[in-house]
Amino acid sequence: MRYSLRQMGSIAFESRGEPMTRLHWAAVGLAGITAGVHLYLYSVQGFLPFLLAGLGFLGAVVLLVAGVNRRLLYAVGVPFTASQIAVWFVQGMPEFALGVADKTVQVALIGILVYLFVAERTAAKDVVEPEPAPTVVAR
């Protein structure tokens, strides 16, 4: 299936115009917190994956606020955030206290993203397209 550039743009920005709810803003706050933690760790340790993770979370916030397809962001955000938790465990849970706080924030973020994905998917299924108005032909 091939899409034109215009079709891809409409898919990417299909959430534009929909209002941000308190839950969206909570996700923005949680993503901002975990971005800040990762950028702080990069500034202290100079470990490039911390920079990339922090920028990834900030980029997602910008895309969400800009109106990019929210369900796509949720679908990408859950495994991205979950991978942060998995990598922390695999690395032996460094910076334990900060890590526990950050992973708590990330678990809450995953919960919100899953909820928003399911809620918006359900809402999209419930939308009933209006029937077109009848065409009147003058004789």
Side-chain angles (χ1 to χ4, degrees):
M1 178 181 273
R2 292 177 48 122
Y3 291 103
S4 70
L5 204 49
R6 176 173 278 165
Q7 289 170 320
M8 286 189 284
S10 67
I11 291 169
F13 289 101
E14 78 176 21
S15 297
R16 186 171 279 182
E18 294 177 17
M20 296 269 290
T21 66
R22 289 182 182 166
L23 213 47
H24 289 103
W25 288 113
V28 166
L30 293 171
I33 290 169
T34 195
V37 168
H38 284 86
L39 294 174
Y40 165 75
L41 289 171
Y42 172 73
S43 72
V44 171
Q45 299 179 6
F47 188 51
L48 185 61
F50 287 141
L51 175 64
L52 298 176
L55 293 176
F57 283 112
L58 288 179
V61 166
V62 168
L63 293 173
L64 179 70
V65 173
V68 170
N69 185 329
R70 290 180 185 165
R71 286 180 32 217
L72 178 62
L73 288 174
Y74 309 149
V76 171
V78 169
F80 176 77
T81 306
S83 71
Q84 305 293 317
I85 297 168
V87 167
W88 181 69
F89 278 110
V90 168
Q91 289 181 338
M93 299 180 281
E95 301 283 343
F96 187 76
L98 182 59
V100 168
D102 183 48
K103 300 314 152 197
T104 303
V105 166
Q106 290 178 349
V107 167
L109 178 58
I110 289 171
I112 289 173
L113 294 177
V114 168
Y115 175 83
L116 287 170
F117 181 82
V118 171
E120 290 183 18
R121 182 175 179 179
T122 304
K125 285 183 180 178
D126 291 341
V127 172
V128 177
E129 292 294 322
E131 292 185 27
T135 305
V136 177
V137 178
R139 291 189 175 195

Item to check | Pairs meeting criterion ring-ring contact (aromatic ring centres under 6.0 Å, His included) with involvement of residues 62-87, two or more places apart | outcome: Phe57-Phe80

Item to check | Common cluster, Leu52/Val76, ILVMFWY with side-chain heavy-atom separation under 4.5 Å | outcome: no

Checklist entry - Is Leu73 linked to Val62 within one hydrophobic cluster, defined over Ile, Leu, Val, Met, Phe, Trp and Tyr using a side-chain heavy-atom separation of less than 4.5 Å? => result no

Checklist outcome for this item: Sorted by chain and residue number, the side chain to side chain contact (heavy atoms under 4.5 Å, CB included) partners of Ser83 (sequence neighbours excluded) come out as none

Checklist entry - Looking only at heavy atoms, what is the nearest atom pair of Gly54 and Ala35, with distance? => result O-CB, 3.6 Å

Checklist entry - Mind checking whether Leu41 and Ile33 sit in one hydrophobic cluster, side chains of I, L, V, M, F, W, Y counted as touching below 4.5 Å? => result no

Next on the checklist: Between Arg70 (side chain only) and Glu18 (backbone N and O only), is there a donor and an acceptor less than 3.5 Å apart?
Outcome noted: yes

Checklist entry - What pairs of residues pass the side chain to side chain donor-acceptor pair (under 3.5 Å) test when at least one of them lies in residues 39-49, not counting sequence neighbours? => result Gln45-Glu95

Checklist entry - Any idea which heavy atoms bring Leu55 and Leu39 closest together, and the distance? => result N-CD2, 4.3 Å

Checklist entry - What residues, two or more places apart in sequence or in another chain, satisfy side chain to side chain contact (heavy atoms under 4.5 Å, CB included) together with Ala60? => result none

Checklist outcome for this item: So CD of Glu120 and OG1 of Thr21: to nearest 0.5 Å the spacing works out to 7.5 Å

Item to check | Members besides Val90 in its Ile/Leu/Val/Met/Phe/Trp/Tyr cluster (side-chain heavy atoms under 4.5 Å) | outcome: none

Next on the checklist: Can you list everything that forms a side chain to side chain donor-acceptor pair (under 3.5 Å) with Thr104? Sequence neighbours excluded, please.
Outcome noted: none

Checklist entry - Can Ile85 be reached from Val78 by stepping across I, L, V, M, F, W or Y side chains whose heavy atoms are under 4.5 Å apart? => result yes

Next on the checklist: Checking one residue: Val87. Which other hydrophobic residues are in its cluster under the side-chain 4.5 Å linking rule?
Outcome noted: none

Distance-only donor-acceptor hits, side chain of residues 106-118, under 3.5 Å, sequence neighbours excluded:
{"residue": "Gln106", "atom": "OE1", "partner": "Lys103", "partner atom": "NZ", "Å": "3.2"}
{"residue": "Gln106", "atom": "NE2", "partner": "Thr34", "partner atom": "OG1", "Å": "2.8"}
{"residue": "Gln106", "atom": "NE2", "partner": "Asp102", "partner atom": "OD2", "Å": "3.2"}

Next on the checklist: Show me the pairs that pass ring-ring contact (aromatic ring centres under 6.0 Å, His included) and involve residues 86-107, at least two apart or across chains.
Outcome noted: none

Checklist entry - Do Leu98 and Val100 belong together in a cluster built from hydrophobic side chains that touch within less than 4.5 Å? => result no

Next on the checklist: Show the nearest heavy-atom pair for residues His38 and Ala53, with the distance to one decimal.
Outcome noted: CD2-CB, 3.6 Å

